Amino acid sequence: MYVRGTVADEVEVRTVSTSYGESDLAEVPLRMAGDGDNGTASQTVARPRDDTETDLAAGHETTTVTLWNKWAESADYLEPGMEVLVTNAKKEEYQGETQYATTGDSYVVVEPSFLVNVTAIRNWVECPRLYYLNKLSGVPLNYPVVKGTLVHEVFGDLLRGRDLEESIAARVDERGLELGLLGETSEAVAEEVRENATAIEGWLEQGRLTEEDSWRSEQLLISETFGIRGRADAIRRGAPVELKTGKNLKKEPRFKDKVQAACYALLLEEHGGDVDLGTLLYTKNSALDRNEETGDLTPAKEFTMGDGLLKFVVRQRNELAAMEIAGDIPTGYEGSAKCEYCFEQDTCMVVSGRLDQESKAGQIATPLPEEERDYFQRFYRAIEEERREVHREYAKLWEQDAQERADDDRALIDLEFIEKRPLEGGRWELRARRTSSANSKIREGDFVLASDGHPVRGSSELATIERLDDVVVLTADEPVEVTRLDVYPSELTTDRLLVAMHDALLKGDERRKDILFGRATPEFEESGASETHRNRAGETGGVDETFIDNNAAQNEAVTKAVGARDCALIHGPPGTGKTYTIARAIRAMVERGERVLLSAFTNRAVDNALEALLEQLEDGVGSQTQRSGDGEGVSVVRVGSESGIREDMEPYRLERSGDPEDRVAELQNAQVVAATTATCGSRVMKEQAFDVALVDEAAQLTEPGTCAAINLAERFVLVGDHEQLPPVVRAENDLTESLFERLIDCHPEAGVMLDRQYRMNQRIQAFASREFYDGELRPAEPEVAGRTLNDLEGVARDALPPALQDPVTFVDVEGDGGQYTDSEEAARIADLIEQYEAAGLERSEIGVIAPFRAQVSELSRHVPDDVTVDTVDRFQGSSQEVIIISFTATGTLEGPIFEDYRRINVALTRPKRALVLVGDPAALSSDPVYARMLEWART
DNA sequence: ACTCTGCTGAGAGGA
């Protein structure tokens with residue numbers, strides 16, 4: 001019997017006397033997950049290979065589950081509302097009520113849908129505090145770790161049948177950049193990897209003789225029962241094999257290594273295995289290190305995995321999950337580790353001291369000011385909330401029905417498997433045909449979970465999408481007969497946010513923090529003053545140059561950016577030339593001999609800014625752009641993944657593989673480095689230092705996200721518009737306000753607003769200017785103010801119906817009453833497009849914007865393909881000659897999408913020459929801001 | 001209630 005439900009009330013733990021002696025027990029009041037009348041119950045409760053009956057009859061009844069003996073420990077951290085699962089439970093009748101209890105074969109799992117990484121459990125078992133520190137500060141770039149990774153990759157290659165020397169050469173080459181940063185040479189590293197790999201190869205040969213076919217290389221495994229995910233190095237005869245490059249001359253494997261193997265055993269058990277043996281391969285154990293006790297020559301240590309170990313691992317996982325769900329911070333007292341043997345003892349004590357946290361290791365260093373500790377707590381909580389949202393996404397992999405996931409754009413289903421082809425190096429190419437044209441957020445270059453039907457219960461593996469049209473081409477380590485692809489959630493961004501916040505507070509310099517916390521006022525070099533400015537080039541003097549002579553605000557912005565001692569904030573409303581201003585500022589900085597980081601949240605924004613910079617550098621005096629090297633010109637490097645970077649910026653992309661010395665020179669010598677903020681948090685980028693960081697679209701970044709970039713530089717410049725859409729976050733919390741917005745409020749004197757726009761006809765910009773920019777946004781030139789469709793070649797405004805001749809038009813459509821779609825509006829918009837076409841407009845000059853995705857697809861059914869149709873959110877950052885907005889609201893304007901007025905600002909400021917608003921006036925006039933908009937559009 | 005981009009993954013080791 002398999003019981004699953006939600007803790008309904010406080011849990012009581014007590015000790016009773018039984019015929020076997022004293023026993024602990026916990027009585028857990030449980031609201032059962034199953035609901036007899038509801039079809040979803042079987043999905044929630046049913047398991048892939050559960051041979052026992054599942055109890056669905058209980059409905060939403062509250063019952064009691066008794067957890068005996070050691071499982072009572074897990075009850076200690078149960079809070080009402082938490083989810084619990086008990087396997088192999090027995091049913092008991094007690095005073096006429098049905099109750100349940102654990103048996104000798106039971107596992108109790110707390111919050112089973114919270115998927116915990118195997119390495120997280122391993123760290124937690126070593127010390128819960130260590131687990132926390134790892135999360136907080138990440139693992140820095142160091143040689144033992146890189147070498148360990150290399151040996152693992154070679155091991156995987158060997159299992160897949162790749163030649164040893166070929167594998168070593170290829171794997172070392174791939175890590176050229178990292179090795180270069182560590183000051184290593186390819187030859188030395190290859191030699192060391194070879195030594196480790198030889199031990200593996202020898203051992204592998206023995207195994208092959210007897211068990212030729214029972215090997216499998218690493219594969220991602222997920223357990224929905226135990227709430228664990230991980231990737232075993234190898235599986236032999238159904239049992240996990242773990243590779244360790246560290247030394248271990250003891251007879252027994254290290255305990256934490258056994259725990260890791262036990263986690264994989266649990267994963268394999270869920271996938272149909274029955275595991276009682278684990279193998280650990282310590283590759284440094286060569287003949288020279290003959291074990292004195294045992295005379296052991298082999299690097300392999302086998303051990304039996306008892307029931308006790310597996311249950312211990314699940315209890316540890318429970319404690320970890322409960323702490324994560326509660327958002328608590330471990331002290332170290334939860335575990336039994338001895339602090340004096342710990343590598344992280346000093347770090348642990350400093351972190352505890354500075355954040356004033358309770359810690360088993362004790363505290364050194366003085367606590368941060370209270371406001372900084374509060375800040376840490378607030379943001380720690382917010383980031384962890386985001387992490388829990390990511391975990392909810394994992395749970396959907398098995399909780400959500402395939403069709404539902406496809407409808408949510410989270411999966412491509414019903415693919416027809418075509419073939420698997422072995423690739424060089426032992427990997428596989430998989431092909432499948434799409435049977436429907438349904439779109440999804442899955443794109444080429446993405447990392448997805450490829451499965452033969454079910455991402456968790458079936459056979460599945462992580463795969464890269466090489467091509468995506470009517471045929472999907474994937475590459476993967478395992479030859480999965482793929483019929484389904486799922487988006488695989490990633491905690492990477494939340495991890496990096498946490499580290500960025502930690503670094504800003506615990507490693508950031510005091511002056512920087514004074515600025516961030518409003519304790520000091522940003523300073524600037526004084527224009528024309530006799531003060532000396534020191535920089536690499538050794539030039540002197542303040543900033544009194546004119547950078548841009550036809551736009552005073554832009555010139556002031558560049559002056560502030562260049563002369564900022566701490567920071568400058570450039571507020572750039574739509575069409576005001578933010579990107580140009582940034583490019584001009586970077587050029588000036590580079591001319592002063594400074595090293596500059598250019599960053600933004602999205603790859604698209606980084607590439608746009610970089611493009612403007614490259615143009616700017618070509619115009620610059622005596623500057624010639626170079627993609628790298630140390631020649632005469634300005635060297636520019638783009639860091640990021642191939643799939644993220646726009647094709648025309650590919651020549652500037654920093655290649656990671658190759659000769660270590662060359663790779664590192666390319667990065668270190670670059671005067672300008674461009675990367676997304678997420679990439680700024682990578683191990684490679686964290687090794688870099690800059691004079692200035694410029695962050696574009698900063699109003700769309702969370703505070704910790706912004707920190708990831710500015711942590712790397714002495715000064716920073718943020719550019720953005722907080723009157724447009726805020727950062728995208730999953731949970732409602734402190735992350736929704738950008739650092740940009742907060743600093744604009746806190747240090748208005750450090751800000752400049754660009755007040756001349758180069759995009760919209762005066763009539764179009766009037767409302768946005770008045771409503772969002774205090775009327776200060778104005779056309780930059782008479783040409784802009786007076787631009788109309790007549791300026792376009794082949795367009796005759798007179799050919800349009802009179803109503804559409806005005807730059808702003810309102811089209812009254814009563815609407816069909818649908819909540820997220822409106823086919824009447826869509827049909828009317830199709831007519832409008834025809835009218836524009838008849839007047840000579842190209843379809844590519846027209847854009848249609850709607851608030852809801854559902855309406856976007858409705859519109860796509862009505863309008864021609866070459867008209868761009870998208871949501872407001874996705875239109876941010878671009879513009880069109882003609883913009884038609886479909887408001888998709890009938891009767892009332894209720895709903896969160898309409899509440900954020902910044903969204904209308906974005907929508908209304910996309911067009912250059914004509915704007916058409918289509919909607920139901922009754923609905924729009926129900927809100928004061930929309931009512932004013934209506935009034936403006938109709939006059 | 002709705003909008004939605006980043007990241008290769010997960011794990012790599014030091015006495």
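We name chains A, B, ... by the order of the sequence lines, and we start the count at 1 in each one. If you're wondering where the values come from, they're calculated on a predicted model, not measured in any experiment.
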Sugar-phosphate only, base, or nothing, as touched by [X] at under 4.0 Å among non-hydrogen atoms:
X         : value
Thr679(A) : sugar-phosphate
Phe601(A) : base
Phe155(A) : nothing
Pro727(A) : nothing
Thr871(A) : sugar-phosphate
Arg656(A) : nothing
Arg229(A) : sugar-phosphate
Thr677(A) : nothing
Tyr143(A) : nothing
Gly230(A) : sugar-phosphate
Asp233(A) : sugar-phosphate

Can you tell me if [X] touches the phosphate of [N], counting only side-chain N or O atoms and a distance under 4.0 Å to OP1 or OP2?
X         : N       : result
Asn142(A) : dA12(B) : no
His152(A) : dA12(B) : yes
Ser682(A) : dC7(B)  : no
Lys244(A) : dA12(B) : yes
Tyr282(A) : dG13(B) : no
Thr676(A) : dC7(B)  : yes
Tyr820(A) : dA1(B)  : no
Gln260(A) : dA12(B) : yes

Shortest side-chain distance from [X], nucleotide among [options]:
X         : options                   : answer
Pro144(A) : dA12(B), dG13(B), dG11(B) : dG13(B)
Asn603(A) : dA10(B), dG13(B), dC7(B)  : dC7(B)
Arg231(A) : dT3(B), dG13(B), dA10(B)  : dA10(B)
Phe852(A) : dC7(B), dC2(B), dC4(B)    : dC2(B)
Val118(A) : dG11(B), dG9(B), dG13(B)  : dG11(B)
Pro896(A) : dG9(B), dA1(B), dA10(B)   : dA1(B)

Tell me the interatomic distance from [X], atom [atom1], to [N], atom [atom2], rounded to whole angstroms.
X         : N       : atom1 : atom2 : result
Glu899(A) : dT3(B)  : CD    : C1'   : 13 Å
Asn123(A) : dG11(B) : CG    : P     : 10 Å
Phe875(A) : dT3(B)  : CZ    : C1'   : 15 Å
Glu192(A) : dG14(B) : CD    : P     : 10 Å
Leu893(A) : dT3(B)  : CG    : P     : 16 Å
Arg683(A) : dG9(B)  : CZ    : P     : 12 Å
Glu491(A) : dG11(B) : CD    : P     : 11 Å
Phe343(A) : dG14(B) : CZ    : P     : 7 Å

When you measure only distances, ignoring hydrogens and angles, does the side chain of [X] come within 3.5 Å of the base of [N] through a donor and an acceptor?
X         : N       : value
Thr493(A) : dG6(B)  : yes
Arg874(A) : dT3(B)  : no
Glu344(A) : dG14(B) : yes

Of Arg410(A) and Thr119(A), the one whose closest DNA chain B nucleotide lies more 5':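 First, find each residue's nearest nucleotide; the 5'-ward one identifies Arg410(A).
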Closest-nucleotide 5' rank along DNA chain B - winner of Tyr341(A) and Ala120(A):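 By nearest-heavy-atom nucleotide position, the 5'-most residue is Ala120(A).
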Arg122(A)-Gln260(A) side chain donor-acceptor pair, cut-off 3.5 Å: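 There is such a pair (donor and acceptor under 3.5 Å, judged by atom type) between the side chains of Arg122(A) and Gln260(A).
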Taking C-beta and beyond as the side chain, do [X] and [Y] meet within less than 4.5 Å on heavy atoms?
X         : Y         : value
Arg646(A) : Arg604(A) : no
Leu893(A) : Leu924(A) : yes
Lys396(A) : Arg410(A) : no

CA sep, side-chain torsions, deciding dist, call: Leu181(A), Leu141(A), side-chain contact (heavy atoms from CB on, under 4.5 Å): CA-CA 9 Å; Leu181(A) 285 166; Leu141(A) 188 64; 3.8 Å; yes
Stepwise side-chain contact (heavy atoms from CB on, under 4.5 Å) check, Leu449(A) with Leu462(A): CA-CA 5 Å; Leu449(A) 198 51; Leu462(A) 288 172; 3.9 Å; yes
Partner residues of Arg229(A) under the side chain to side chain contact (heavy atoms under 4.5 Å, CB included) criterion, sequence neighbours left out: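 Checked Arg229(A) against side chain to side chain contact (heavy atoms under 4.5 Å, CB included); matches are Leu115(A), Asn117(A), Ile222(A), His391(A), Tyr394(A), Tyr488(A), Glu491(A).
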Gln855(A) side chain to Asp822(A) backbone, donor-acceptor under 3.5 Å: yes
